[in-house]
Amino acid sequence: MENLKAKAYALRQDVVNMIMSGKGGHIGGDMSIMETLVTLYFNEMNISPENQHDPSRDKFVMSKGHCVEALYAVLAAKGFFPIEEVIEKFSKFGSPFIGHPNNKLPGIEMNSGSLGHGLPVAVGMAIAEKMNKSSARVYVVMGDGELAEGSVWEGAMSATHYNLDNLCAIVDRNRLQISGSTEDVMHQDSIEKRFESFGWNVLSVNGNDVDALKEAFETAKTVKGRPTLVVANTTKGLGSAVMENKASWHHHVPSAEEYEQIMKDLKEREEAALHE
Amino acid sequence: MNKIHNRQVICDVLMEHAKEDKDIVVLCSDSRGSASMTGFANTYPEQFVEVGIAEQDLVGISAGLAKCGKKPYAASPACFLTTRSYEQAKVDCAYSNTNVKLIGISGGISYGALGMSHHSAQDIAAMSAIPNMRVYLPSDRHQTRHLTEALLQDEKPAYIRVGRNPVEDVYTEDNCPFEMDKATVLCKGTDVLIVACGELVRPSFAAASILAKKGIKSTVMDMYCVKPLDKEGLLREAKGVKAVITVEEHSPFGGLGSMVAQVISANDPKKVINLSLPDAPVITGNSQEVFDYYGLNAEGIAKTAEEALK
């Protein structure tokens, strides 16, 4: 069994290298969402370079598209493209590896970047899979600040209207957005109650705990007749005290000193996870 | 007077194909009645998706369906479909290159007295400015049928605008020349070229008869394919004429007139006059009353052409 906890810390190092190379990136959210992506791609979803055109594959939509660096790291680890190429070309002139998901790249279903788009698109995918009588499941990752977009709630409404138990949405609840605390910018608590009132099955877990996420995604599959929301309670910037829980690291390029410290911390945590 | 709406023809064609093609899906935003899609919804309920009054959801869901192999047709009032869900059209349909056909019903000033909130005088400009989005305004029920059949054959996004009311035929069932993305030439003359789209093709064609009685020979082009504009056909027909008149149910900015003027000025410079709605909320009235008021009828178009030649 692969050590996904260690893998998440290893892939965070790829993200930091990407951001240093491209001189930009949404590093805070990349760090908070990493365990979710690693768990989905390496434990949950049947998505791989081999089956990327198979209609029965699971579908994934990165609605918080600004955290594409974390997605690139995971897709590269899955073999969709070489990580060296991503790090070299990220955000550079003419590069296919731009700052938001683009489906000209293998492994990416939908383009995103503007928030509030992913859930309605995922609802459409889930309706289609029901029409196709397919067992494929649909996953969509949103940010917590993103929930201020009204289109999220249009999607939330239709997901329960159509009893989409093949749909699992994840909210990266890191409690910070670019201007500061989500509670100061636009009050979100309680996300759980809001979605429950729309008829969703809601699970609230430690979103930086691979085992808790595994269990949540397993539970989601057993719930019939309605979609599941996993509120992934996370730490923004997780991996190094240099950037943890700091809104200013929403979009930030580490200095040379910060880079050294962050990489040292990430390697230590990766090592620690390997020996747990 | 023809009683069949263009929107009804779209529904009829989709129903004919939906029997065999189970991937055809129609989506409405509490708009099945006004879109003439009730027949489809009742006959093929398993291929119909109602999203309620939520146009962003309508287009996002359509894109998701398309990504999973479906052929979605999202039918909603043009005013809401092209502005409320503009970003979904841009990102989820055009940018993601999903096979979504956006059917803008009651386009232009079809909703008449309901006011500017319900008018779509910006839709051509808005949708045309999106890379990978095509824009079609069929002129009558026969052309609408050919266009709908053609769109079923491709897998790219497109926006189709139709009006609310039945319109007089331009063509007949047996004589409706149609080539995808090529304008149709209705009559040929050497003095003036009139280029029109949508419901204003018919009065433009009628204007040619008025002009003929005055000895003015005109070419009338039905540019149903506003994007991609038939540039080759336009330059071919513009060759030798003294002026070009464009006619559209749209704002003066960014529509057919702007596009035609771009092509003519760069390749065969001559006078181009754009007949359109004003840059203002339009006067209250039904479509014909509004068209008459702004000179968007046969007499008004003929008068403009005549003056352009002076």
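In what follows, every heavy atom counts, from backbone to side chain, and hydrogens, waters and symmetry copies are set aside. Lettering of chains follows the sequences in order, A, B, ..., and the numbering in each one begins at 1.
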Atom pair NZ/CD of B:K67 and A:E109 - distance to nearest 0.5 Å: 5.5 Å

Minimal heavy-atom distance between A:N102 and B:Y95, with the atoms involved, is ND2-OH, 3.7 Å

When B:A54, B:P72, B:G64, B:A63 are compared by non-hydrogen pairs under 4.5 Å with chain A, the top option: B:G64

Side-chain contact test, heavy atoms from C-beta onward, threshold under 4.5 Å: evaluate it for B:V49 versus A:I127 and give yes or no. yes

More than 12 heavy atoms from other groups under 6.0 Å of CD1 on B:I53: no

Is it the backbone or the side chain of B:T98 that comes under 4.5 Å from a heavy atom of chain A, or both, or neither? side chain

Heavy-atom count around B:R84 CZ within 6.0 Å, excluding the residue itself: above 12? no

Please check if atom CD in B:E232 has more than 12 non-hydrogen atoms from other residues, nucleotides or ligands closer than 6.0 Å. no

With a 4.5 Å cut-off on side-chain heavy atoms, are A:M125 and B:L65 touching? no

Does atom NZ of B:K22 have more than 12 heavy-atom neighbours from other groups under 6.0 Å away? yes

Take B:K70 and A:N132 through the test side chain to side chain donor-acceptor pair (under 3.5 Å) and record every step on the way to the result. CA-CA 9 Å; B:K70 297 298 177 187; A:N132 292 337; 2.9 Å; yes

With respect to chain A, which residue among B:K90, B:E55, B:E87, B:E46 yields the maximal number of heavy-atom pairs within a distance under 4.5 Å? B:E87

Find the distance between CZ (A:R57) and SG (B:C68) and round it off to the nearest 0.5 Å. 7.0 Å

Beyond-backbone contact of B:V51 with A:H161, side-chain heavy atoms, under 4.5 angstrom: no

Residue pair B:E50 / A:Y162, side-chain heavy-atom distance below 4.5 Å: yes

Given the options B:G69, B:G52, B:G60, which has more heavy-atom pairs under 4.5 Å with chain A than any of the others? B:G60

Is it true that, when you exclude A:K78 itself, more than 12 heavy atoms of the residues, nucleotides or ligands shown sit nearer than 6.0 Å to its NZ? yes

For chain B, which candidate among A:E129, A:M110, A:K59 shows the most heavy-atom pairs at distances under 4.5 Å? A:M110

Would you indicate whether the side-chain heavy atoms of B:D57 and A:S151 approach each other to under 4.5 Å? no

Between A:N111 and B:V91, is there a donor-acceptor pair closer than 3.5 Å when you use the side chain of the first and the backbone of the second? no

